[in-house]
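Values below: every heavy atom of this structure, side chains too, minus hydrogens, waters and symmetry copies.
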Amino acid sequence: MAVSQNKAQEKYGQFVAAIDFVTDMLEPLEKLIERMKENRAPAGTWRIASPEDLKKMLTKSRADLSALKDQAVKYETELTTREWKA
């Protein structure tokens, strides 16, 4: 049982660390978006999202990651004491 619990704690730690890593990687992305300028592309050419749209997506991504981490913390005891299944 202790081996299973240790493995669950390790998996939980990896999960939270991954959330933190992705959250940290959004900062350079935000700096890149801030440097972008809107460039109207002619019809029929490749286009990317506007800086404003990218900022909205970034804000939503941060909120979603924060909510996921909050849920992980809320259920930490359960997640660290039970076997993880894929």
Side-chain angles (χ1 to χ4, degrees):
M1 183 78 159
V3 172
S4 179
Q5 187 172 0
N6 287 341
K7 189 167 184 129
Q9 288 173 339
E10 181 181 327
K11 291 277 190 187
Y12 175 79
Q14 291 171 349
F15 179 61
V16 172
I19 294 170
D20 290 339
F21 176 77
V22 172
T23 302
D24 291 345
M25 292 298 101
L26 294 179
E27 187 176 327
L29 182 58
E30 181 177 29
K31 290 177 183 178
L32 176 65
I33 293 169
E34 289 297 326
R35 293 192 319 246
M36 290 178 68
K37 295 177 184 162
E38 178 115 20
N39 187 7
R40 297 281 179 197
T45 61
W46 287 92
R47 298 183 336 179
I48 61 168
S50 70
E52 286 305 312
D53 288 342
L54 292 172
K55 287 177 189 176
K56 289 176 188 175
M57 289 183 227
L58 182 62
T59 299
K60 182 176 180 341
S61 296
R62 281 192 170 127
D64 290 347
L65 284 168
S66 179
L68 180 61
K69 187 169 182 180
D70 290 346
Q71 288 295 308
V73 170
K74 181 178 178 181
Y75 293 104
E76 178 178 2
T77 302
E78 184 176 338
L79 292 171
T80 57
T81 57
R82 294 189 177 171
E83 187 175 332
W84 286 47
K85 296 181 182 178

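Residues that satisfy the side-chain contact (heavy atoms from CB on, under 4.5 Å) test with Ser50, not counting sequence neighbours, are Glu38, Glu52, Asp53. For Glu34, there are no side chain to side chain donor-acceptor pair (under 3.5 Å) partners at least two apart in sequence or on another chain. Checked against side chain to side chain donor-acceptor pair (under 3.5 Å), Lys60 has the following partners two or more places apart in sequence or in another chain: Asp64.
The salt bridge (Lys or Arg N to Asp or Glu O under 4.0 Å) pairs that include a residue from residues 70-79 are Glu78-Arg82, where partners are two or more places apart or lie in different chains.
The local environment of CD in Gln9 is crowded, with over 12 non-hydrogen atoms from other residues, nucleotides or ligands closer than 6.0 Å.
Heavy atoms only, all atoms of each residue included: Glu30 and Arg62 are closest at OE1-NH2, 3.2 Å. The two residues Lys37 and Pro51 come nearest to each other via the heavy atoms C-CG, 4.1 Å.
The distance from atom CG of Leu32 to atom CG of Leu54, rounded to the nearest 0.5 Å, is 8.5 Å. The line from CG of Leu29 to CG of Asp24 is 13.0 Å long, rounded to the nearest 0.5 Å.
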Pair up each side-chain donor or acceptor in residues 10-20 with any protein partner under 3.5 Å, not counting sequence neighbours, and list the distances.
{"unit_1": "Glu10", "atom_1": "OE2", "unit_2": "Gln14", "atom_2": "NE2", "d": "3.4"}
{"unit_1": "Tyr12", "atom_1": "OH", "unit_2": "Ala72", "atom_2": "O", "d": "3.3"}
{"unit_1": "Asp20", "atom_1": "OD1", "unit_2": "Lys69", "atom_2": "NZ", "d": "2.6"}
{"unit_1": "Asp20", "atom_1": "OD2", "unit_2": "Lys69", "atom_2": "NZ", "d": "3.3"}

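Of the possible polar contacts, one joining the Thr59 side chain to the Lys55 backbone as a donor-acceptor pair under 3.5 Å is found.
In this structure, Val22 and Met25 have side chains that are not in contact, with every pair of non-hydrogen atoms separated by 4.5 Å or more.
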